[in-house]
Amino acid sequence: MTSAFSWIAADETAEQALVRIYKKRPFLIFPPPFHRLPLRAGNVVEIVGPSPSAKTLILIQAAINCILPKEWKGVSYGGLERAVLFIDLDCRFDVSSISRALQRRIIDANGLRRSSLKGNGNEYDKELFVSSMRRFLYTRCYNSFEFLATLKTLHHRIQQEKGGSAVYMLLIDSIGAFYWMDRALPTSSTGNNNNRKSLSLQTVVETVVQEIQRLLVAHPMLVLATKSAAFGDKQSITEVIRKRPDEKMPDPRDAQNKPHRCFMPSVWQSFVSHRMLLRALDGESKHQNRPTFSTEWLLPPLNCSDHFTVNDGCLLIPK
Amino acid sequence: MAPLEDLERDYPIIDSNFRMFCASHGIFTDTDFLLHDLSALEAFARQDYAPDKLEQGIKQMISIIESGQRPWLNGVELLEDSQLNKCTLSTGCEGIDILLQGGLREGHVTELVGPSCSARNSLGKVVYFDTGNSFSPKRVAQFLSLLSDPSATQTNKAVERDMSSIVCHSVFDIFTLLDMLRQLMNNLRSQISFQVRMLIIDSLSSLIAPVLGGGGAHGHALMATAGFLLKEIAHESNLCVVVTNHMVAGEAGMLKPALGESWKSIPHVRLLLSGKYSATGTRITILKHPYLASGKSADFVVL
């Protein structure tokens, strides 16, 4: 009798549950451009933007914030001192971008003036640099099956990394990288015999989502994924719009007019918990020769957008 | 996509019993195995009449997948690989080298975009895939003789040696290109052929543009496959890959690079050549680069 009652007895009160959850998975405010919303482990954030926008740069900045320690030799860096996993599906990542950005961040935090990156700007703490870079784990996949294989064996790999509690972020560069190749996968011509799963974009993405969900249960992580987007309607190649010189040409990248089309299957779209949109802005910053971008949260929808510029691999928030 | 029977030779645990169990769940090849839910499979295996052997078989499959993977590298190892293996190749033109901080980088796929008659064909050496019969040995010899020391008496021999280090192939459609790229990758992996430093595909766009368009996904899939093959060759074999692209009319009569939006995310570096092929100089602008700011430009003159 006692065993039956123990089955319906309460484990903990709601207050205890909330306290436990907030302690285990605290909400964190990340530096810009994520500063408007608190994020925590278990969230899946999708960063959407056309190419080229600074999507990979945002991932690198988030990675740097994670791998730096909170404090080192008296200087505060405000990092999390946790490892990040970077899965490069675009296969375009260059390690120089993260090493330069990390050096710049360490030098800036130390308040040293740097005249140039080479030469006398090199006095930064190499030990800190090496220990931070060791927390950055990288692999690349050239097709969907390598990606699936990586995801299936990731649990084992994370266990190897200091007992599995050290990894905090999973960064996926360009989740839509294999979209076209998967759409053209050969489907089996013999029909649906023996309940065999047909190879298609749908099954591949479903398996990817399933594996990431399983991974998040075992190792709660923050997932940041970039995706390149196409804006507006497809323009026919033969159609060239001729405008009279005095007529004002509507800006084809006008933010309010054209919504972005999401091309990933709905199983991925419903898996994403937050979505941020990046757009390139033309115009006022042209004379400075620095590209400006605007960010806007689509999910949950906030009605404000921030701007930032890119200066030699570094994000600046002027406005 | 290997069927499971092929694995039995090397791994006897994948016997016919295991294969029948897998077939009952619709798994016939190793890719099917990747698409399946492994923990559900293990749960089914436990309920079977011979659970131990089946579980061992599943573990063996997982370890086969693991062993075929690339290892995870940390930041320090990446930096070491980059410094050891991926050096920069000079383009032979000082202005461009300064702009690109050293030149063309090994491991990168660099795209040169420009209207025809700009200086696209004047940069580069070594393995050359020519799609438009525009490769001219005389022009290359002329270029080489200008680069080398004019006072040397051995000029002819040096030019000959340099010319023999350039291998030119004619390619006229995308399938031949994919075939040759795979062959090149195999050769480089087993190190049969000579040490290749650079691969040039003159006018990749003329191979891809005919298959793009239309409603099917096959054109884009071929483009993506070619792009990923090039990136794999560049990274694994430490080559510098240079492809060229042409311009098409865009909105409001302005020119834009061909091959569309999906191509934009494939090359590492995109350089735009503009200006007439004249003595006053051609301008090269960075459209996209991993760590240099886009928009920077330099002028150079083609002799």
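The chains referred to below are lettered A, B, ... by the order of the sequence lines, with proteins before strands, and numbering in each begins at 1. Hydrogens, waters and symmetry mates are skipped; everything else that's a heavy atom, side chains included, is used. What you are looking at is a predicted structure, and each value in this text was computed from that prediction instead of being measured.
- Contact annotation: the side chain of A:F86 never approaches that of B:L78 to less than 4.5 Å [non-hydrogen atoms, C-beta and beyond].
- Comparing A:V204, A:L85, A:I98 by heavy-atom pairs within less than 4.5 Å of chain B, the highest count is held by A:L85.
- Ring geometry for B:F228 against A:Y142 counts as perpendicular: the plane angle is over 60°, on a 0 to 90° scale with 30° as the lower cut.
- Among B:S63, B:A221, B:S265, the residue making the largest number of heavy-atom pairs under 4.5 Å with chain A is B:S265.
- The shortest distance between side-chain heavy atoms of A:I87 and B:W72 falls below 4.5 Å.
- For the pair B:R70 (side chain) and A:T139 (backbone), a donor-acceptor distance under 3.5 Å is absent.
- In this structure, A:C91 and B:H235 have side chains that are not in contact, with every pair of non-hydrogen atoms separated by 4.5 Å or more.
- With chain A as the partner, the residue from B:E232, B:E66, B:R270, B:K264 showing the most heavy-atom pairs under 4.5 Å is B:E232.
- Here the closest non-hydrogen pair linking B:I266 and A:R92 is O-CD, 3.4 Å.
- Interface residue A:T150: backbone and side-chain heavy atoms are both found under 4.5 Å from chain B.
- In this structure, chain B has heavy atoms under 4.5 Å from both the backbone and the side chain of A:T203.
- For the options B:I62, B:L38, B:V269, heavy-atom pairs under 4.5 Å to chain A are most numerous at B:L38.
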